[in-house]
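These notes concern the structure reproduced below.
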Amino acid sequence: MKRTERNKREYEEDRRLEESHYYNERDQRREQQLEYENEKSHKSKKWLIAIIIVLVAIVAVCLTLFFIHKNSTVSNDTNQHATEQHEGNQPNASNDYQQQTQSSDINNQINNAKDKIQNNKNSEAIINNLQQKIDSLKNNEHNTTDKSLTEDFQQQADKLKEANNAQLNNEDQSKVNQLLSDIDQKLSSIKDKINTLFDK
């Protein structure tokens, strides 16, 4: 064999070895890249699953709260409706209570005390007399309607006392006027309440 042929064979063998070595490195790099991508994909899938689980939990909590709120709203509406029906079916004021309320003329005494306070006069005597009549009404309460009316009268007497004390202590006139305005509004509603209850 000639030297050139032998060199040619060696050259071809070297070339084949180089090519196989090149493909092996390329395949190895490709395999490493695929492993890296698989690992990266696996991590992103874990994060995606964790996010989905968190979102499902949040949606479940929101739905639970929504239904709880909805049920409580329904029960509150039911309770309010029942209360309205109960108030609509409130018993009439008892006869003794009606007679005493009309004869004691508490509304006029409240108005007299209010007028005295507006005119910068001490209305303590009228308020004390009014309180005695309210105490007498408390003793003649026979049902919830009687009690409700007595509480309304007591609130007005308390406001009159507060307005009178504010007047005597030279407090801000706007506070006194606000209390008297509240009394006027409540007194009007009490009169309407009395008319509807006593006319039944």
Handout entry: Intermediate values then yes/no, side-chain contact (heavy atoms from CB on, under 4.5 Å), Lys138 and Lys147
Key = CA-CA 7 Å; Lys138 286 179 184 177; Lys147 185 173 183 164; over 6 Å; no
Exercise for the section: Verify whether one side chain among Asn128 and Gln132 offers a donor that lies under 3.5 Å from an acceptor in the other. Expected result: no
Problem - Gap between atom CD of Glu162 and atom CD1 of Ile183 - 0.5 Å precision - result: 9.0 Å
Practice task
State plainly whether one hydrophobic cluster holds both Val59 and Ile51, where clusters connect Ile, Leu, Val, Met, Phe, Trp and Tyr through side-chain heavy atoms under 4.5 angstrom apart.
Solution key: no
Fill in the blank from the handout: Rounded to the nearest 0.5 Å, the CD atom of Gln156 sits from the CG atom of Asp152 at a distance of 7.0 Å
Problem - Side-chain heavy-atom pair Lys161, Gln131 within 4.5 angstrom cut-off - result: yes
Practice task
Find the distance between CD (Gln178) and CG (Asp172) and round it off to the nearest 0.5 Å.
Solution key: 11.0 Å
Completion exercise
Between the CD atom in Gln33 and the CG atom in Asn38, the distance rounded to the nearest 0.5 Å is 11.0 Å
Practice task
Answer whether the closest heavy-atom distance between the side chains of Leu34 and Glu31 falls below 4.5 Å.
Solution key: no
Exercise for the section: Take Glu10 and Asn7 through the side-chain contact (heavy atoms from CB on, under 4.5 Å) test and state the conclusion after the steps. Expected result: CA-CA 5 Å; Glu10 284 178 12; Asn7 281 343; 4.1 Å; yes
Practice task
State, with a plain yes or no, whether a side-chain heavy atom of Ser41 is found less than 4.5 Å away from one of Glu37.
Solution key: no
Problem - Straight-line distance of Ile126 CD1 to Asn129 CG, nearest 0.5 Å - result: 8.5 Å
Handout entry: Shortest non-hydrogen contact from Ile127 toward Asn164
Key = CD1-CB, 3.8 Å
Handout entry: Separation of Leu179 CG from Glu171 CD (nearest 0.5 Å)
Key = 9.5 Å
